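The structure under discussion appears below in the form of structure tokens.
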Amino acid sequence: KDKAAAWMGEEGPVRQRTLQAYMELYDFQDHSILAALRSVCGRLVLRAETQQVDRILVAFSKRWCDCNPRHGFKATGPTLVPAS
């Protein structure tokens, strides 16, 4: 669990595509953001470096928002998803 999170959280196109594909395995529709995050944290250990954790959380939040388009949160700035 911890090795997977550290690997997917590193920079690089293959790792980013793998992280995106991994998040797409989750169906967060009608799940609260807290329940969804608990689900991910039950499968990945986020003990990696801060930037690795940030990348994983950005991928998670994008997936959660895609599954819940009427979530009600307001965007506060530019999207933080790295360019592919």
Side-chain angles (χ1 to χ4, degrees):
K1 292 181 181 182
D2 57 337
K3 290 181 182 181
W7 188 86
M8 287 190 291
E10 286 289 331
E11 286 187 276
V14 172
R15 294 171 192 234
Q16 290 299 301
R17 285 193 303 265
T18 303
L19 177 57
Q20 181 181 354
Y22 178 78
M23 288 298 168
E24 288 175 2
L25 295 173
Y26 289 93
D27 181 8
F28 296 132
Q29 186 174 1
D30 299 325
H31 288 79
S32 73
I33 196 162
L34 181 58
L37 186 57
R38 284 181 177 156
S39 177
V40 170
C41 289
R43 295 192 176 110
L44 291 177
V45 176
L46 302 179
R47 289 189 209 157
E49 295 179 18
T50 303
Q51 290 181 347
Q52 292 171 336
V53 172
D54 286 348
R55 288 183 192 103
I56 291 168
L57 291 178
V58 167
F60 159 78
S61 62
K62 181 177 182 330
R63 177 62 180 161
W64 187 85
C65 288
D66 288 347
C67 290
N68 297 284
R70 299 172 64 141
H71 52 73
F73 291 114
K74 294 181 181 179
T76 59
T79 305
L80 299 175
V81 176
S84 299

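As the structure is a computational prediction, the values presented were derived from the model and not from experiment. In this chain, residues are counted from 1 in sequence order.
A donor-acceptor pair shorter than 3.5 Å cannot be found between the side chains of Gln20 and Gln16.
Taking CD of Glu10 as the reference point, atom CD of Gln52 lies at 4.0 Å (rounded to 0.5 Å).
Counting heavy atoms from C-beta outward, Arg15 and Leu19 have side chains that stay 4.5 Å or more apart. Between Arg17 and Val14 there is a side-chain heavy-atom pair separated by less than 4.5 Å.
Minimum heavy-atom separation, Ile56 to Ala5: CD1-O, 3.3 Å. Taking each heavy atom of Ala4 and Leu44 in turn, the nearest pair found is CB-CD2, 4.0 Å. Here the closest non-hydrogen pair linking Met8 and Tyr22 is SD-CB, 3.8 Å.
Contacts of Asp54 classified as side chain to side chain donor-acceptor pair (under 3.5 Å), with partners at least two apart in sequence or in another chain: none. Scanning for side chain to side chain contact (heavy atoms under 4.5 Å, CB included) contacts around Gln51 gives Arg55, with sequence neighbours left out.
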Could you list the donor-acceptor pairs under 3.5 angstrom formed by side chains in residues 30-40, with sequence neighbours left out?
{"from": "His31", "atom 1": "ND1", "to": "Phe28", "atom 2": "O", "distance (Å)": "3.4"}
{"from": "His31", "atom 1": "ND1", "to": "Gln29", "atom 2": "O", "distance (Å)": "3.0"}
{"from": "Ser32", "atom 1": "OG", "to": "Ala35", "atom 2": "N", "distance (Å)": "3.0"}
{"from": "Ser39", "atom 1": "OG", "to": "Arg43", "atom 2": "NH1", "distance (Å)": "3.4"}

Any chance you could lay out the side-chain contact (heavy atoms from CB on, under 4.5 Å) test for Asp66 and Lys62, step after step, and finish with the verdict?
-> CA-CA 6 Å; Asp66 288 347; Lys62 181 177 182 330; 3.2 Å; yes

